[in-house]
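Notes follow the structure.
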Protein chains: 2
Amino acid sequence: MSAEITETYDVSKYERPSVTVDVVIFSILDKMLKALLIKRKVWPYKDVWAIPGGFVRMDESLEQAAYRELAEETGVAGADVYLEQLFTFGEPDRDPRTRVITVAYFALVSADKINPQAATDAADIEWFSVYDLPSLAFDHADILDYALTRLRYKLEYSAVGFQLLPEKFTLRELQDTYEIVLGTKLDKGNFRSKLRKTNVVEMVDGYRDTGGRPARLYRFRDDAVAEIKTRRLFP
Amino acid sequence: MSAEITETYDVSKYERPSVTVDVVIFSILDKMLKALLIKRKVWPYKDVWAIPGGFVRMDESLEQAAYRELAEETGVAGADVYLEQLFTFGEPDRDPRTRVITVAYFALVSADKINPQAATDAADIEWFSVYDLPSLAFDHADILDYALTRLRYKLEYSAVGFQLLPEKFTLRELQDTYEIVLGTKLDKGNFRSKLRKTNVVEMVDGYRDTGGRPARLYRFRDDAVAEIKTRRLFP
DNA sequence: ACAAAAGTGTTGAGAGTACACCCATGC
DNA sequence: GCATGGGTGTACTCTCAACACTTTTGT
């Protein structure tokens, strides 16, 4: 068993960095795309806003760590969110304390799923519009930027947008969500005709009262093919 | 300075995982898409093929570590390759020695750039067709699978494919590369007409002799817009 | 002349886009 | 009735995809 001992020694001879998981949590609130931030209470960047995150424990996977952080900050369970690994940030000097490598995730949460208690029981946790962000700790501005780019990109060819809505929604609400995230106006007729063709939503009983004619309620079909073939650069 | 001391203590109280960088290196050799693998010489998975990689040093970024591994195995400098972060794999039990989190990258190298010495000076480093892989150490089969999926996907909407070719190439060679990677036949006329429209290549002097009419040589325009707008799921 | 591979053009089907129009409800 | 927002249809344009055709070399 000398080989094993030698190798174990070999692994531990390298100094190890700290590894954290940060989760950019998006939701639609007040008709705006918002991200959840927490105010740091310790050095460094004391009293500066930051993306929620924490150290990865030795016995949990990265995804488990991300779900844990998510639940701690929002009270939302794993089944009710969309979570995706974003990128791993590891510049040697991104944290002044020690070498910290952070695996960033982004999450989409429907506003009605958020536990109000978890989100409001402190003044040091707050939803910010992505267009009106405070200055952020570490390289968190880069991380949030990248998350936003990825979200918009993803919205174009997949159906992740539904994760930002409650289970039942009107088509107008769906279109609003897309317009808010993408930052562009969409054509009502085309939006709906494409929805009919792609077959990703189905009508459910009930109506929502609006200023005019009541709107039908829909829900996302979980058996739906949520991805579209991308346009090829070359045929 | 007690805050600093407290926080430093706080950081180090967590046990730290090891962090490695693994690089899936792709190239086109003998008209096949191949990946470079090395045979492990130590426990665990002794004498089993694995994706090249190594520990991240405390003073280098993740990307620097990836470039370093790449240069060590192929002798190729950073400017001559396409390198992209793929995904971070961190299941607690993926390495039997200790907790190891690996940041996976994938690289595209043109066959003519590869240093033959670096690639052939040992029997324990070898190019394998991605369709005829040996069994791999750790979760490296998953990593390679994911790298291949991402490469194909990326090829559809960006111009990374050029990184697999020498500086000058014929349009037939370019089309061959695409067909090899995607695993499908493409239409010659459509392939070329789209190339003309997208304006990503330009003719250079010289011809390549073939079995029939000699083919013009082209090169990639570095000022070209290498990405195409994806088709939207919703308008 | 013929084979082989380079290189271009044509055409019908389907997707994208802009816009006009009808429908159901509250006041 | 009329304002408001839901919901549908149409017509023009552009891209996609299949395939036929012409051009230039070697033997």
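In what follows, chains carry the letters A, B, and so on, assigned in the order in which the sequence lines appear, proteins first and then strands, with residues in each chain numbered from 1.
A 6.0 Å sphere centred on CZ of R219(B) holds no more than 12 heavy atoms belonging to other residues, nucleotides or ligands. When the shell of 6.0 Å around CD of E167(A) is examined, it contains 12 or fewer heavy atoms from other residues, nucleotides or ligands.
With sequence neighbours excluded, no residue satisfies side-chain hydrogen bond (donor to acceptor under 3.5 Å, both in side chains) with Q163(B).
For T210(B), whose side chain is taken as the heavy atoms from C-beta onward, the closest listed nucleotide among dA17(D), dA6(C), dC23(C) is dA6(C).
If you take CZ of R213(B) and C1' of dC2(C), they are 17 Å apart, rounded to a whole angstrom. Taking atom CG of residue N190(A) and atom C1' of nucleotide dA20(C), one finds them 12 Å apart after rounding to whole Å. Rounded to whole angstrom, the span from the CG atom of D187(A) across to the P atom of dC21(C) amounts to 15 Å. Regarding R192(A), its CZ atom lies at a distance of 16 Å from the P atom of dC23(C), rounded to whole Å. Taking atom NZ of K185(A) as the reference point, atom C1' of dC19(C) lies 17 Å away to the nearest angstrom.
Across all strands, R196(B) comes closer than 4.0 Å only to sugar-phosphate atoms, never to a base (heavy-atom distances).
Each of G212(B) and Y218(B) lies near DNA chain C, and the nucleotide nearest G212(B) is the one positioned closer to the 5' end.
A distance-only check finds no donor-acceptor pair linking the side chain of T102(B) to the backbone of A104(B) [under 3.5 Å].
No hydrogens or angles were tested; on distance alone, a donor-acceptor pair under 3.5 Å links the side chain of K188(A) to the base of dG7(D).
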